[in-house]
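Chain A is the first sequence line, chain B the second, and so forth, proteins listed ahead of strands; every chain is numbered from 1.
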Number of protein chains: 2
Amino acid sequence: MATIKDLAAKVGVSVATVSNVLNGKPNVGAAVRQKVLRAAKQLGYRPHRAAQAMRKGRTRAIGLVLPDLTNPFFPQLAQAVENTARNLGLLVCLIDSQGGAVGESDGLILLAQHGVDGVIWCPVGQHVPAPLRTLDRPVVLIDRPRPGFAAVHSNYLMGGQLLAQYALQQGHTRIGLLSGPSDLESARQRRNGFVRAFPKRLDVAWEVRVGFDGVLTREARDTLLRRQRATLIVAGNDLIAINAIHFLAEHHVQVPDDVSVTGFDDISWARIVSPRLTTIAQPLAAIGTRAVELLQERMAGAAIPSRATVFDVTLVERESVKNI
Amino acid sequence: MATIKDLAAKVGVSVATVSNVLNGKPNVGAAVRQKVLRAAKQLGYRPHRAAQAMRKGRTRAIGLVLPDLTNPFFPQLAQAVENTARNLGLLVCLIDSQGGAVGESDGLILLAQHGVDGVIWCPVGQHVPAPLRTLDRPVVLIDRPRPGFAAVHSNYLMGGQLLAQYALQQGHTRIGLLSGPSDLESARQRRNGFVRAFPKRLDVAWEVRVGFDGVLTREARDTLLRRQRATLIVAGNDLIAINAIHFLAEHHVQVPDDVSVTGFDDISWARIVSPRLTTIAQPLAAIGTRAVELLQERMAGAAIPSRATVFDVTLVERESVKNI
DNA sequence: TACATTGAAAAAAACGTTTAACTAGCCTCT
DNA sequence: AGAGGCTAGTTAAACGTTTTTTTCAATGTA
C-alpha cells in the first residue's frame, strides 16, 4: 500500500504538503496540487485508516448493535444501515447480542476499543449498559425509543390507530390483545394506539402480554384456546401473530374463518404464511437510512438535541382478517 | 481512556516495561509485573486498537461480505460469525453487497482501507473482484466454494443424495428439477447429487434453471403449469421451492396433494409456510463458526493449503412430499 | 581484581497521518 | 528602504503502541 511518504517522494515535496492537498487545505499552489493528485491516483493511494484514526481520533466506522439478526425484523434494517453508511464512506461493525445483556455489553466494549465514531443501537432491555456511558460517542436508537436518546422509529400509535379503524371497518368490536412486553415503549404505543382510538366502540375482551420474540406463554396459549368472546386478535408483532395462528391451527381453529388476527411490522414472513398476514408495514429501509444520517450529523458536529424521528406506517391488508 | 503512559506514570516505570508486561514478554520482574497488572485493572485500561494496528499492522477486525442479508439464508450465518468472532476478540465489519458486483467491490475496498485482518466472503458471481487481490489478506469462502480458495460449506452432493433416496422411499420416480444457477458450484452439486444417485430408477421429466433468489422465470412458470409427468419437484433451494408452491397454489395446484416439492437449506421460512417444507438442513451456525476459526488460523500463521471444510447435512421431513 | 555474562529496565525509533509552528520569498504600503 | 502581510511551502511534534537498542547493576568466572 502506497503511503503519503511515497507520494511526497514521487512528487518531490514534503509529506505535510501532500497531506494538505489530500485534505483540501488552501495553502498550496495549483501546480503542486495537481501533481500530488495525479500521483495519488496513479499509485492508487488510500489513506491508512488506523493512522488517521490515531491522529484525529475518528475511525470512520460505526457500530450497529442488534438483539438478534435471525429475527426477521432486523435484516432489512441492517442492510439499509450498511448501504447508506457505505455511501458515506463509513464502515459498519456488527454486534449481534443474541438478545442477551452481556453480549450487548461485550459488544459495546469491543466497539469502544476499536474507537467507532458512533453507534446505532436497538436496545434489548431497558437498562443502559455501562460501556455505553464510557464510550462517549453519539448514539442513535433504532426502533426502540427511550427518553434522553436520539431515536428513529415508526409511529406506533398511528399503527395502532390504523388497526383499530380497520377492525371497526371489518365489523370487529370484541378484541383479544396479544400485546408485546410492557417495558418496551414501542409495544406500549402499539397497544395504546389501538385501545385508545375508539374506547367506546372497541371492547377489549382479554389481554395477555408476551415477548416480541413471539413465543407464547402458557397463559397466552390457554387464553387463545378459551378465546372467550373476541372475534379479532391483535398481536403486538408479526412473530406473535404467526405463532398464534399456528397454535390455533394445531387446535383446529382456523384463521380467519373462526377468528381474525392482525400483526405488526410486515416482516418477510407475513407474506408467506397462510393466511397471509394483515399487518402494519414499517418503512424499515427508510428507518435504517435515516438513523445513519442522523448519526452522521451528530458525529460531524454540534450537540443536536435528542429528539425522535418518527415515520408514518401503513396498513397492509391481506387475508388474516375476515369481514363480519 | 487510560493509556499505557498513564499506567507507566502511575506505577513509576517506563512505557516499554508496561507494554512488555501487557504482552507477556519475559524480561520483567515479578514485582513490577504485578503492579502494572493491578494498575491496568484499576484504571480499566484497554489497548487503543488504532495504535496497535498502526504498529503491528493487524487490526483484530475481520470483514464479512454477504450478497443479501434479507435472503433468509444469511442471518443465521452472520450471527454465528459475529458471535464466534467476538469470542476470539475479533470485530466483524459487515458488507451487504445487495447482490451487486460493484457493491462487493466497494465493500472490499472499504475493508482494505480499514485494514481488516481477513475476510469471510460469500461471493456473488464467479469472478474475483480486483480489490480482493490487492487486499492480500486471508480469505475464507462461505457456502460457495471455488478452486484455489479455502472454503467451508455443506455437503451438497450428500444433500442431493438424501433427497433422491427419500424420493424413492416415498414412491416418486418422475422428477421435475427447478435447479439453481449452473454457474454456482453449490447449485451444480445439489443437482448432481440428486440426479446421479439412482440414474436408473429416477427419471428426470424436465429441468429448468432459476436464480437462488427464487424468482421464477417465464420458462419456469410455464413448465410448472404444464407440469408434465413429474410427481415430485426438486427445487434448488427453499426460496425456489416456496415460490413454486405459491405459484402453483395460485393456479389451483395443491402441494403435496397434486404434486410434491422439496427444498434445500431449511431457512426459517421453511417452517412457517404451508405445507411446511421438506428440505435439507445445513448446519449454518457450525459453518459460520468454522469459517471464523479457519480464518483465524490463517491470520495467525503459516500458509495453510486452501482446502474446503465440508459439513454433513440432514434431511428434515415435513409435509410438502406425499407418499404415493 | 579484572572482565565477561546475565537480567531488568529505560530510551529511542518506528508505524502513517495531521497540524501547529516556522521560514523564505514576494508584494504593498508609507 | 524597511516594516508588515501574504503565499506556498517546510520542519517538527504529536497521536498510542511495539520493538529494537542501549544502559546499568548485579552476578559469576578466571
Side-chain angles (χ1 to χ4, degrees), chain A residues 1-37 39-40 43-61 89 91 112-117 134 136-137 300, chain B residues 1-37 39-40 43-61 89 91 112-117 134 136-137 300:
Chain A
M1 278 275 166
T3 107
I4 217 178
K5 228 175 193 165
D6 301 332
L7 291 195
K10 173 151 182 154
V11 177
V13 84
S14 78
V15 292
T17 300
V18 174
S19 174
N20 284 334
V21 170
L22 263 23
N23 291 292
K25 296 287 169 63
N27 55 334
V28 41
V32 174
R33 165 161 278 129
Q34 284 310 315
K35 282 205 280 187
V36 170
L37 256 22
L43 267 61
Y45 169 78
R46 304 270 168 194
H48 189 298
R49 282 283 158 86
Q52 288 185 311
M54 201 162 132
R55 204 35 243 236
K56 304 216 222 186
R58 312 270 114 181
T59 52
R60 304 217 41 87
L91 186 65
Q113 228 170 118
H114 279 264
V116 293
D117 293 343
T134 64
D136 192 33
R137 290 266 190 265
Chain B
M1 278 274 166
T3 107
I4 215 177
K5 227 175 193 167
D6 301 332
L7 291 195
K10 171 150 185 156
V11 179
V13 84
S14 78
V15 293
T17 301
V18 174
S19 174
N20 284 335
V21 170
L22 263 21
N23 291 292
K25 296 286 169 62
N27 55 335
V28 41
V32 174
R33 165 162 277 129
Q34 284 311 315
K35 281 205 280 184
V36 169
L37 255 23
L43 268 60
Y45 169 79
R46 304 270 166 194
H48 189 298
R49 282 282 158 87
Q52 286 185 313
M54 200 162 133
R55 199 44 241 230
K56 303 217 224 186
R58 310 271 114 177
T59 52
R60 306 218 37 89
L91 186 65
Q113 233 171 111
H114 279 263
V116 293
D117 292 342
T134 64
D136 192 33
R137 291 268 188 263

- Message: For a quick check of understanding: with a heavy-atom distance under 4.0 Å over all strands, which category does A:Asn23 fall into, base, sugar-phosphate or nothing?
- Response: sugar-phosphate
- Item | Shortest non-hydrogen separation from A:Tyr45 to A:Ile4 and the atoms involved | CE1-N, 3.7 Å
- Task: Heavy atoms only: give me the nearest A:Ala53-A:Thr59 pair and the separation to one decimal.
- Result: CB-CG2, 3.8 Å
- Task: Of all the heavy-atom pairs spanning A:Ala8 and A:Ser14, show the shortest one and how long it is.
- Result: CB-C, 3.9 Å
- Task: For A:Ser19, answer base if it contacts any base atom (sugar-phosphate contacts may also be present), sugar-phosphate if it contacts only those atoms, and nothing otherwise; contact means non-hydrogen atoms under 4.0 Å.
- Result: base
- Item | Nucleotide nearest A:Thr3 when distance is taken to its side chain, options C:dG16, C:dA9, D:dT18 | C:dG16
- What nucleic acid atoms does A:Ser14 come within less than 4.0 Å of, heavy atoms only: base, sugar-phosphate, or nothing? base
- Please check if the side chain of A:Arg137 supplies one atom and the backbone of A:Val116 the other of a donor-acceptor pair under 3.5 Å. yes
- Identify which nucleotide among D:dC15, C:dA12, D:dA12 has an atom closest to any side-chain atom of B:Lys5, counting heavy atoms from C-beta outward. D:dC15
- Item | Comparing B:Thr17 and B:His48 on DNA chain D - which has the more 5′ nearest nucleotide | B:His48
- Message: Between A:Asn27 and B:Ala30, which residue's closest nucleotide on DNA chain C lies nearer the 5′ terminus?
- Response: B:Ala30
- Item | Distance in angstrom units between B:Lys25 NZ and D:dT18 P, rounded | 8 Å
- Less than 3.5 Å between a donor and an acceptor, one on the side chain of A:Arg55 and one on the base of C:dT18, is that the case here? yes
